[in-house]
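Counting starts at 1 for both ligands and their atoms, following the listed order. Hydrogens, waters and symmetry mates play no part in the numbers below; they use all other heavy atoms, side chains included.
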Amino acid sequence: MQKKSIEFHYEEYSSKDELNSLDRALLEQALVATTNAYPQFSKFQVGAAARLSNGKIHLASNFENTSITSCAEQELLSHLHALYREFTIETIAVTFDNTNPGTKSDFPITPCGKCRQLLLEAEMSGKKPIRVIMAGQSGKVLVATGVQTMLPLAYSAEFINT
Ligand SMILES: [Zn+2]
């Protein structure tokens with residue numbers, strides 16, 4: 001038996017003001033997307049913005065109805081699949097606004113496990129590591145390079161064909 005480890009590297013910025021102009025602009029778009037969220041039960045508004053290799057930026061937000069709860073990242077990928085047969089995401093920004101009374105939105109939000117898997121598969125089909133910007137309304141910002149680094153020992157569709 002051997003003990004193994006996997007290191008996870010990411011960048012931490014004290015605020016969005018430290019980001020480069022492209023990343024800051026994408027995060028601003030994700031902040032706009034939170035205002036279109038429809039989380040009628042959780043009141044936890046999440047926005048996602050993706051910059052593609054074609055230079056276009058697309059937005060999505062989460063929504064909840066009585067039978068479906070869907071994350072902003074999942075909605076964003078569904079939107080992109082509806083628009084493009086193939087696409088490459090260069091950077092995605094995810095942020096939130098918790099509108100429940102007495103809560104804060106000043107820390108980075110991170111994608112849930114399901115969304116990490118979905119983003120990983122988009123990363124593999126896009127053939128390029130996706131930069132993932134994670135933020136709140138204010139406060140520090142985290143940036144990971146490559147969804148694969150955020151999902152160690154991930155399930156892969158390649159398993160089916162080996
Ligand atoms: Zn999710």
Side-chain angles (χ1 to χ4, degrees), residues 6 8-13 16 19 23 26-53 56-84 86-100 103-160:
I6 297 172
F8 172 58
H9 299 273
Y10 62 98
E11 300 164 357
E12 182 179 302
Y13 298 83
K16 65 183 177 186
L19 295 171
D23 285 353
L26 193 65
L27 177 54
E28 294 289 355
Q29 290 296 299
L31 286 161
V32 169
T34 63
T35 64
N36 293 324
Y38 183 62
Q40 60 177 320
F41 303 116
S42 71
K43 310 296 184 197
F44 194 81
Q45 301 186 197
V46 182
R51 188 176 59 247
L52 307 186
S53 59
K56 293 192 174 171
I57 291 177
H58 294 276
L59 311 182
S61 53
N62 62 326
F63 77 88
E64 298 166 357
N65 67 24
T66 50
S67 62
I68 299 172
T69 296
S70 189
C71 298
E73 304 94 314
Q74 182 179 6
E75 287 301 306
L76 182 56
L77 290 170
S78 295
H79 173 68
L80 293 174
H81 282 294
L83 290 174
Y84 303 103
E86 294 179 338
F87 56 87
T88 298
I89 300 173
E90 295 199 329
T91 307
I92 182 171
V94 184
T95 187
F96 76 106
D97 187 10
N98 190 344
T99 60
N100 287 292
T103 61
K104 293 182 175 179
S105 305
D106 60 353
F107 55 89
I109 190 177
T110 57
C112 77
K114 176 185 72 177
C115 288
R116 291 183 197 208
Q117 183 70 38
L118 293 169
L119 289 167
L120 175 62
E121 295 188 20
E123 179 172 276
M124 292 174 78
S125 64
K127 299 179 177 62
K128 186 174 185 182
I130 299 173
R131 285 167 49 75
V132 184
I133 301 169
M134 298 161 279
Q137 291 288 305
S138 59
K140 66 184 180 183
V141 178
L142 308 181
V143 179
T145 303
V147 180
Q148 189 157 25
T149 69
M150 301 172 67
L151 198 55
L153 304 179
Y155 174 79
S156 170
E158 291 175 3
F159 293 165
I160 298 168

Tell me how many protein N, O or S atoms are closer than 2.8 Å to the Zn ion (ligand 1). 3

Side-chain donor/acceptor of Thr34 to backbone N/O of Gly47, under 3.5 Å: no

Glu158 atom CD, over 12 foreign heavy atoms within 6.0 Å: no

Please determine whether the number of non-hydrogen atoms from other residues, nucleotides or ligands lying under 6.0 Å from atom OH of Tyr38 exceeds 12. no

Do Phe87 and His58 make the cut of ring centroids closer than 6.0 angstrom? no

Counting only heavy atoms not in Lys56, do more than 12 fall under 6.0 Å of its NZ? no

Is there a donor-acceptor contact under 3.5 Å from the side chain of Glu123 to the main chain of Gln148? yes

